[in-house]
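What follows is a single structure, written as structure tokens, with notes after it.
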Amino acid sequence: MTEIAQPIVRAAGLKRTFGRGTAAVQVLKGIDLSVDAGRLVALRGRSGSGKTTLINLLGALDRPTEGKLEFAGSDLTAMTDRERDEVRRRQMGLVFQSFALFPLMSAYENVEFVLRVAGFPAKSRREAAVNALEQVGLKARMDHRPYELSGGEQQRTAIARAIAHRPKLLLADEPTAELDSKTGLQIIKVFRDLVADSGITVILTTHDPAIMEIVDHVYELEDGQIAAQR
């Protein structure tokens with residue numbers, strides 16, 4: 001019997017307003033979405049459509065002005081800041097268009113350092129770091145520093161760093177924006193493989209139409225609302 005995927009993210013009526021009074025700007029105007037576990041989902045839209053604001057809410061980096069947001073069955077909007085930080089640290093991974101690697105550390109050291117900061121036991125850090133780099137196809141390059149790696153390899157290192165603690169949800173904000181189209185598609189394939197092999201849920205923002213054919217589901221954002229989905 002086929003197991004039915006359960007939503008890992010549910011948003012209802014999410015709104016986000018910045019500023020107050022006459023200076024207030026409503027960036028999100030009532031977002032409803034549901035993302036099943038083990039899916040690769042894209043948030044697509046032009047600059048200013050609200051994609052990054054939404055990804056920040058989903059990643060517990062920001063709070064909505066109104067609405068409810070659930071992650072893995074828990075209400076993120078009802079949590080304290082400390083509780084949200086703990087959920088993000090243990091159950092989520094974040095990848096950004098800027099690789100943000102430590103330039104004097106090797107790929108392995110970049111991944112291992114984040115595990116150290118997260119409080120992983122010393123005896124398990126090396127195995128977790130190596131496994132993550134192997135998952136993104138960089139085990140043979142793990143002793144190289146960022147300046148010795150291509151842009152695609154640096155982004156894969158950033159992805160390894162984000163998945164080393166085995167999160168349930170990986171959020172990526174324009175992860176291919178700094179890459180050429182061929183390398184960008186290779187990065188999306190890494191995400192696709194992570195979903196298939198590890199069951200991680202991946203939500204990414206993009207404006208690249210080529211990516212739309214690879215993901216499981218697309219939410220099209222326009223002026224702070226979901227204009228279409230497929």
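Heads up: numbering here begins at 1 and tracks the sequence.
- Gln154 is linked by a side-chain hydrogen bond (donor to acceptor under 3.5 Å, both in side chains) to nothing, counting only residues two or more places apart in sequence or in another chain.
- Using a 4.5 Å cut-off on side-chain heavy atoms (C-beta onward), Leu171 and Leu58 make contact.
- Considering every non-hydrogen atom in both Gly152 and Ile187, the closest pair reads O-CD1, 3.6 Å.
- Atom CZ of Arg10 is surrounded by 12 or fewer heavy atoms from other residues, nucleotides or ligands within 6.0 Å.
- Within the 4.5 Å cutoff, no side-chain heavy atoms of Glu70 are placed close to those of Leu76.
- Partners of Arg90 under the salt bridge (Lys or Arg N to Asp or Glu O under 4.0 Å) rule, at least two apart in sequence or in another chain, are Glu86.
- The CG atom of Leu43 sits 9.0 Å away from atom CD1 of Ile31, with the distance rounded to the nearest 0.5 Å.
- Applying the salt bridge (Lys or Arg N to Asp or Glu O under 4.0 Å) rule to Arg116 yields the partners Glu112; only residues at least two apart in sequence or on another chain are considered.
- Side-chain heavy atoms closer than 4.5 Å link hydrophobic residues (I, L, V, M, F, W, Y) into clusters, and following such links, even through other members, never connects Ile55 to Ile159.
- Considering all non-hydrogen atoms of both residues, Ala160 and Ala132 come closest at O-CB, 3.4 Å.
- The line from CG of Leu14 to CG of Asp32 is 7.5 Å long, rounded to the nearest 0.5 Å.
- Under the 3.5 Å distance criterion, with hydrogens and angles disregarded, no donor-acceptor pair is assigned to the side chains of Thr206 and Asp208.
- A salt bridge does not link Arg125 with Glu127: every distance from a Lys NZ or Arg NE/NH1/NH2 to an Asp or Glu carboxylate oxygen is 4.0 Å or more.
- Here the closest heavy-atom approach between residue Ala129 and residue Leu115 is recorded as N-CD1, 3.9 Å.
- Side chain of Ser106 to backbone of Arg145: no donor-acceptor contact under 3.5 angstrom is found.
- In the hydrophobic clustering of this structure, Val130 groups with Leu101; members are Ile, Leu, Val, Met, Phe, Trp, Tyr whose side-chain heavy atoms approach within less than 4.5 Å, directly or through other members.
- A distance of 15.0 Å separates CZ of Arg156 from CZ of Arg161, quoted to the nearest 0.5 Å.
- Cluster annotation: Phe99 is connected to Leu138 through the hydrophobic network of ILVMFWY side chains, with a link wherever side-chain heavy atoms come within less than 4.5 Å.
- No hydrogens or angles considered: nothing links the side chains of Asn56 and Thr53 as a donor-acceptor pair under 3.5 Å.
- Side chain of His165 to main chain of Met92: a donor-acceptor pair is present (N/O by atom type, distance under 3.5 Å, no hydrogens or angles).
- By the ring-ring contact (aromatic ring centres under 6.0 Å, His included) test, Phe18 is found to be paired with no residue, residues two or more places apart in sequence or in another chain being considered.
- Between the side chains of Asp173 and Thr205, at least one donor N or O sits under 3.5 Å from an acceptor N or O.
- Considering CD of Gln97 and CD of Gln155, their distance stands at 9.0 Å, rounded to 0.5 Å.
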List the atom pairs, with distances to 0.1 Å, where a side-chain N or O of residues 219-226 and a protein N or O form a donor-acceptor pair under 3.5 Å, not counting sequence neighbours.
from	atom 1	to	atom 2	distance (Å)
Tyr219	OH	Ser34	N	3.3
Tyr219	OH	Ser34	O	3.1
Asp223	OD1	Lys29	NZ	3.1
Asp223	OD2	Lys29	NZ	3.1

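- Following chains of ILVMFWY side-chain contacts shorter than 4.5 Å, one cannot reach Met105 starting from Phe96, and the two form parts of different hydrophobic clusters.
- For the pair Arg44/Ser49, no side-chain contact is recorded, criterion being any heavy-atom separation below 4.5 Å from C-beta on.
- Judged purely by atom type and a 3.5 angstrom limit, Thr183 has no side-chain atom pairing as donor or acceptor with the backbone of Leu179.
- The pair Asp85-Arg82 does not count as a salt bridge, with every side-chain nitrogen at least 4.0 angstrom from each carboxylate oxygen.
- Of all non-hydrogen atoms in Glu153 and Glu148, the two that sit nearest each other are OE1-O, 4.5 Å.
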Below 3.5 Å, can you tabulate the donor-acceptor pairs from side chains in residues 191-204 to any protein atom, sequence neighbours excluded?
from	atom 1	to	atom 2	distance (Å)
Arg192	NH1	Ile214	O	2.9
Arg192	NH1	Asp216	OD1	3.1
Arg192	NH2	Asp216	OD1	3.3
Arg192	NH2	Asp216	OD2	3.0
Asp193	OD2	Lys189	NZ	3.0
Ser198	OG	Gln135	NE2	2.6
Thr201	OG1	Gly38	N	2.8

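- Going from atom CD of Gln26 over to atom CD of Glu66 covers 7.5 Å, rounded to the nearest 0.5 Å.
- Taking every heavy atom of both residues into account, Gly119 and Arg89 meet most closely at N-NH1, 4.4 Å.
- Considering only heavy atoms from C-beta on, Val114 stays 4.5 Å or farther from Asn110 through its side chain.
- Of the inter-residue distances, the one linking Lys139 atom NZ with Glu134 atom CD reads 4.5 Å to the nearest 0.5 angstrom.
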